[in-house]
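Everything on this sheet refers to the single structure shown next.
Letters A, B, ... are given to chains in the order of the sequence lines, protein chains preceding strands, and every chain is numbered from 1. Every value quoted in this text rests on a predicted model; they were computed, and no experiment measured them.
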2 protein chains.
Amino acid sequence: MKKDKNEIIEVCQTIEIHKDIIKKVRENTPDESTLNKLADLFKIMGDNTRMKILYALLQVDEMCVCDLSTVLKKTPSAISHQLRILRQADLVKYRKEGKVVYYSLNDEHVKEILDVGFSHITEG
Amino acid sequence: MKKDKNEIIEVCQTIEIHKDIIKKVRENTPDESTLNKLADLFKIMGDNTRMKILYALLQVDEMCVCDLSTVLKKTPSAISHQLRILRQADLVKYRKEGKVVYYSLNDEHVKEILDVGFSHITEG
DNA sequence: ACTATATATGAACAATTATTCAAATATTAA
DNA sequence: TTAATATTTGAATAATTGTTCATATATAGT
């Protein structure tokens with residue numbers, strides 16, 4: 001069992017059980033970097049605090065850190081850390097007004113993804 | 001700053017900066033358990049290996065552990081561990097034929113979620 | 001300049017988790 | 001029964017990550 005990433009691993013004794021299936025999958029799967037980005041997107045949404053932030057921002061135009069902190073019952077620091085992650089992933093944007101920073105959703109896709117996920121949870 | 005979950009935390013000195021916004025969000029956000037389930041769903045999709053498994057199963061009807069192991073260049077054990085997580089989340093189903101276990105996607109929603117996420121990555 | 005407030009940030013800690021390894025099942029064939 | 005193979009499983013390890021705490025920055029008011 002080679003560990004080199006470029007080697008073909010002989011996973012099972014019957015090396016490739018279903019050649020046609022493996023061929024089809026290899027030809028039609030997006031490249032690794034795209035799949036990694038996709039996994040990263042879901043990873044960011046896969047956290048209770050960040051999910052609550054996104055759903056809160058879905059209800060209103062914008063919220064400041066203190067609003068989110070109040071609604072989620074978490075410290076402003078914890079909220080700020082998570083907002084930073086959402087910012088870096090371009091899922092939220094912000095504007096500054098004096099001392100207060102207002103955050104809002106950055107992307108229409110976010111709502112779509114949440115909606116489909118919601119259907120899976122409630123219907124399925 | 002109380003830690004009791006039922007207490008209202010006084011996060012900032014100006015306790016609730018925007019009462020109307022906070023009220024609206026509180027009234028329209030799904031309950032905690034639903035949001036947790038939603039975060040769990042995305043958490044499961046937010047892993048490189050599991051994402052590759054899902055995308056592979058999206059291309060063909062079904063694949064056995066050995067097929068997945070070959071395509072993803074991971075040990076059957078690693079694949080099996082991840083399939084177990086996908087099974088428990090009802091994202092995949094399986095059927096057994098002799099020694100071989102065939103896995104397939106369990107839900108139409110999975111494809112939808114992946115598609116919307118894909119749009120976000122590629123278009124945005 | 002000084003104080004107060006809203007937010008951000010870095011380090012530390014605790015908790016979660018993906019992979020590996022070894023061993024256990026389950027099924028088929030001899 | 002014995003051997004071979006596909007898959008599963010439990011324990012151990014290494015890596016990642018969310019929160020807290022202390023501190024820093026930014027802005028407004030006095």
Whole-Å distance, Ile79(B) CD1 to dT8(D) C1', equals 13 Å

To the nearest angstrom, the CZ-P distance between Arg95(B) and dA6(D) comes to 16 Å

### Message
Classify Ile44(A) by what it touches in the nucleic acid, base, sugar-phosphate, or nothing, heavy-atom distance under 4.0 Å.
### Response
nothing

Exercise. Just checking, any donor-acceptor pair under 3.5 angstrom between side chains of Thr34(A) and Asp31(A)?
Worked result: yes

From CG of Asp67(B) across to C1' of dA6(D) the rounded distance in Å is 12 Å

TODO: Have a look at Tyr103(B) and say if it touches a base, only the backbone sugar-phosphate, or nothing, with a 4.0 Å heavy-atom cut-off.
DONE: sugar-phosphate

Exercise. Kindly determine whether Tyr103(B) and Arg87(B) satisfy side-chain hydrogen bond (donor to acceptor under 3.5 Å, both in side chains), including the steps that lead there.
Key: CA-CA 9 Å; Tyr103(B) 282 85; Arg87(B) 243 188 292 135; 3.3 Å; yes

ask   = Taking N and O atoms by type only, does the side chain of Ser77(A) place a donor or acceptor under 3.5 Å from a partner on the base of dT9(C)?
value = yes

Here the distance between atom P of dT19(D) and atom CG of Leu68(A), to the nearest Å, is 13 Å

With the side chain defined as heavy atoms from C-beta on, Lys43(A) is closest, among dT7(C), dT17(D), dT8(D), to dT17(D)

inquiry  = Pair His120(A), Leu41(B) - check side-chain contact (heavy atoms from CB on, under 4.5 Å), show working.
reply    = CA-CA 9 Å; His120(A) 175 81; Leu41(B) 169 66; 3.8 Å; yes

Whole-Å distance, Lys96(B) NZ to dT5(D) P, equals 18 Å

Presence of Tyr94(B) side-chain N/O under 4.0 Å of dA6(D) phosphate oxygens OP1/OP2: no

Looking only at dT8(D), dT19(D), dT7(C), the nucleotide nearest the Lys74(A) side chain is dT19(D)

Q) Is the distance from OP1 or OP2 of dT17(C) to the nearest side-chain N or O of Gln82(B) less than 4.0 Å? A) no

When rounded to whole Å, the CZ to P distance for the pair Arg84(B) and dA6(D) reads 22 Å

Of the candidates dT7(C), dT9(D), dT19(D), the side chain of Ala78(A) sits closest to dT19(D)

Aromatic contact between Phe118(B) and His109(A), with the criterion being ring centroids under 6.0 Å apart: yes or no? no

- request: State whether Thr75(B) places a side-chain N or O below 4.0 Å from either non-bridging phosphate oxygen (OP1 or OP2) of dT20(C).
  value: yes

Contacts of Glu97(A) and Asp47(A) projected onto DNA chain D by closest heavy atom; the upstream (5') one is Asp47(A)

Met45(B) atom CE is separated from dA18(C) atom P, nearest whole Å, by 15 Å

Between Phe42(B) and Phe42(A), what is the ring plane arrangement, given parallel below 30°, perpendicular above 60°, and tilted in between? parallel

Would you say His81(B) stacks on dT8(D), if stacking means ring centres under 5.5 Å apart and planes within less than 30 degrees?
no

Atom NZ of Lys99(B) and atom C1' of dT28(C) are separated, to the nearest Å, by 5 Å

query: Given dT19(C), is OP1 or OP2 found less than 4.0 Å from the side-chain N or O atoms of Thr49(B)?
result: yes

